[in-house]
Amino acid sequence: MSSPDRPEVRLALPLEDFSLEVDLRVSSRVAGVFGPSGAGKTSLLEAIAGLRREARGRITFGDEVWLDSETGVFQAPEKRRIGYVPQDGLLFPHLDVRQNLLVGVRRAASAASSSFEALESVAELLELGHLLTRHPMSLSGGERQRVALGRALCSSPRLLLLDEPMGSLDLPLRRRLLPMLRRVSQELEVPMLLISHDPVEIQALCQEVFALNRGRIVAEGAPTDVLGNPEVFPLAPAEGFENVLQGVLTASGGGTSRLRLGPGGGAELVVPRVDARLGTEVLVSLPAHEVLISTGFPTGLSARNILPAQILAVEPLGELRLVRAALDDGGPTLSVEVTPDACESLGFVPELPVFLVIKTTGCRVYWEGPRNT
Amino acid sequence: MDEATLGALGLTLRVASLATLFALIPGVPLAYVLARFEFLGKGVLSTVVSLPLVLPPTAVGYLLLRMLGARGFLGRETLGIDLGILLTYKAAVLAATVMATPLVVRTARVAFEGIDPRLEQMARTLGHGPFRTFLRFTLPMASRGLLAAALLGFTRAVGEFGATVTIAGNIPGQTQTLASAIFSAQQVGDQREAAFLLGVALAVGFVAVLASERLVRSAPRSSLARGSRRRRARP
């Protein structure tokens with residue numbers, strides 16, 4: 001791709017309690033909008049998709065102008081070539097899965113790509129092959145989301161808009177769908193804009209994030225920076241900051257499994273048992289308040305993970321402090337919530353060598369799992 | 001079945017079918033507009049469409065008669081040509097159409113209101129223009145409700161009497177429908193004929209209502225059945 005197309009959105013849209021006023025220049029291929037429910041995220045996506053006629057401002061994508069209220073330009077939704085995946089999937093109830101996947105294929109065909117091939121490859125990518133003759137009513141929540149994503153992909157979109165791709169799913173399903181979404185987003189070349197209230201989802205999928213609160217962008221940048229931002233932090237649902245780590249399964253036994261933490265490090269992590277082949281790539285989410293910092297090697301602890309690390313930075317996080325520490329041997333960086341009191345009495349400063357103590361049960365592991373389940 | 005009865009039954013079915021068709025053609029788009037859009041005068045429009053439902057059928061017939069009479073705004077002297085409607089089967093079709101339209105519009109409107117407009121938006125984002133979206137997605141998704149609307153309109157047209165006799169008369173072999181044939185048989189005291197015609201009317205009505213009940217009920221039942229089968233199948 002020469003100069004990749006990215007959406008640029010300057011928008012004013014009156015909502016019920018407040019108005020959405022954003023200026024958002026996406027520079028990464030996969031960008032996210034993070035915010036609590038009711039922040040105006042869905043309205044933003046709908047405006048970009050062309051489903052909000054009352055939106056004012058200017059929306060461009062590459063050299064195409066989708067909306068310019070000053071010059072009266074409004075590109076109809078069917079002309080924007082967007083793949084919109086709403087939170088509830090919105091599959092057509094009168095069509096089976098195959099027909100649903102083919103709804104946008106007419107446009108894809110006019111964009112000069114063989115529709116049949118597209119269907120086959122999308123079905124394989126999202127593991128939909130065994131569902132093709134089923135009806136939407138008979139699908140589980142996760143299957144429905146996958147079909148909705150597949151339907152968007154089959155229309156050969158120039159931009160994918162994902163509205164809380166896992167928002168309506170329960171934990172066991174999210175565990176499998178998140179790594180799949182991550183794999184799909186890495187295999188595709190299409191730009192994606194996804195909205196989510198889940199810090200784990202944002203970190204696992206996005207290269208860039210905009211934090212939205214009551215219709216305004218309050219922070220933007222790299223996911224870990226934005227999510228650790230004192231203004232953004234209170235917007236996360238209850239749990240606060242979540243570390244998201246990549247790992248590879250290296251051993252399983254008893255009730256636990258052992259991971260090597262990426263990208264190329266030697267750091268190891270013991271997590272609850274993962275029923276997958278050795279070598280499987282997994283994601284781990286670990287709330288920042290589940291990690292302890294010790295200045296010396298602790299003994300007699302039940303926690304299975306005592307990892308040497310070095311403090312990189314100490315940042316204010318509301319009334320708390322967020323300590324960022326890099327695991328030794330080239331391991332990833334973790335964020336740890338501590339009280340200012342602990343911070344001062346233990347003398348946490350950058351470059352201080354410490355040990356991070358992590359309970360096995362504090363780790364939540366996401367992996368794609370066996371096919372067709 | 002004697003020839004006159006057969007003729008009345010045939011005419012009734014033909015008139016009712018045409019009336020259903022003519023009620024659906026403006027009725028379905030109108031129902032969609034009423035279901036989806038807000039505009040000035042919507043309440044008035046919706047009320048006017050429903051009026052034939054509450055007026056005595058003979059009043060509607062009288063209104064049509066005035067319109068089609070020589071000096072009415074669809075009459076010979078106004079238009080310069082004679083449409084030749086009054087006292088023909090066309091008048092019966094017209095009367096039945098006017099009487100069936102409110103039921104068709106109201107039922108179709110409910111059918112359209114039951115469809116999530118976001119599904120239509122979804123079709124738009126997938127590259128289908130508004131007209132194509134209506135034809136390819138809205139209509140098929142509403143098909144069950146629309147069939148019920150057609151069936152209701154049809155049964156109303158079969159039973160239409162008051163407006164029909166007013167403008168089409170009750171001419172055996174020409175404009176005499178099942179409803180007016182029963183009236184005639186009863187007027188002349190032909191009990192056997194009246195009872196027989198009653199039986200035919202009952203049969204037609206029974207089949208139509210049974211069919212519409214099945215249409216209305218089958219959708220949720222089948223989806224529930226599928227859902228529970230799926231749940232049981234899961235390990």
Side-chain angles (χ1 to χ4, degrees), chain A residues 42 45-46 48-53 75-96 99-111 131 134-141 143 148 151-161 163 370 372-373, chain B residues 28 32-33 35-39 108 110-149 215-235:
Chain A
T42 298
L45 273 204
E46 286 178 347
I48 297 173
L51 303 175
R52 293 295 198 112
R53 282 277 354 208
Q75 185 88 276
E78 61 268 26
K79 302 251 169 66
R80 298 190 183 193
R81 278 188 61 198
I82 275 176
Y84 180 43
V85 184
Q87 189 173 358
D88 46 358
L90 276 179
L91 300 181
F92 297 106
H94 66 303
L95 303 176
D96 67 17
Q99 291 165 327
N100 263 287
L101 290 173
L102 289 175
V103 163
V105 129
R106 207 168 68 103
R107 176 175 64 187
S110 66
L131 300 175
R134 296 259 296 271
H135 269 270
M137 282 291 207
S138 71
L139 300 179
S140 70
E143 290 167 340
R151 178 179 59 183
L153 292 179
C154 281
S155 70
S156 78
R158 302 182 51 195
L159 171 66
L160 264 183
L161 298 176
D163 187 349
N372 302 349
T373 51
Chain B
V28 168
Y32 185 71
V33 168
R36 276 288 182 273
F37 303 104
E38 292 303 322
F39 52 90
V110 172
F112 286 130
E113 280 169 349
I115 294 171
D116 189 345
R118 292 171 65 233
L119 282 166
E120 295 170 335
Q121 295 189 333
M122 201 64 236
R124 297 286 302 276
T125 68
L126 287 161
H128 302 273
F131 188 63
R132 205 182 150 81
T133 296
F134 179 73
L135 285 185
R136 298 286 302 274
F137 296 92
T138 313
L139 283 185
M141 286 191 284
S143 60
R144 220 171 277 279
L146 295 180
L147 262 171
L215 276 179
V216 172
R217 288 209 186 143
S218 57
R221 195 196 296 149
S222 66
S223 64
L224 268 180
R226 265 194 228 114
S228 57
R229 212 182 310 137
R230 169 73 189 149
R231 269 192 292 281
R232 256 180 273 125
R234 221 171 279 164

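Proteins come first, then strands; the chains are lettered A, B, ... in the order of their sequence lines, and each starts at number 1. The shown structure was predicted, so the numbers you read here are calculated from the model rather than taken from an experiment.
Residue A/L91 touches chain B through its backbone alone, counting heavy-atom pairs closer than 4.5 Å. Proximity to chain A (any heavy atom under 4.5 Å) is restricted, for B/R136, to the backbone atoms N, CA, C and O. Both the backbone and the side chain of A/L51 have a heavy atom closer than 4.5 Å to some heavy atom of chain B.
Distance check, rounded to the nearest 0.5 Å: CG of A/L95 to CE of B/M141 gives 8.0 Å. Rounding to the nearest 0.5 Å gives a distance of 11.0 Å between CZ of B/R132 and CD of A/E78. For the atom pair B/R118 CZ and A/D88 CG, the distance stands at 4.5 Å (nearest 0.5 Å).
Surrounding CZ of B/F131 are at most 12 heavy atoms belonging to other residues, nucleotides or ligands under 6.0 Å away.
The most heavy-atom pairs under 4.5 Å with chain B, out of A/R151, A/R80, A/E46, come from A/R151. Taking chain A as the reference chain and counting heavy-atom pairs below 4.5 Å, the highest number among B/I115, B/T133, B/L119 is found for B/L119.
The shortest side-chain heavy-atom distance between A/P77 and B/Q121 does not fall under the 4.5 Å cut-off.
Relative ring orientation between A/F92 and B/F137 is described as tilted, the plane-to-plane angle lying within the 30° to 60° band.
A/Y84 and B/M122 get closest at one heavy-atom pair: O-CE, 2.9 Å.
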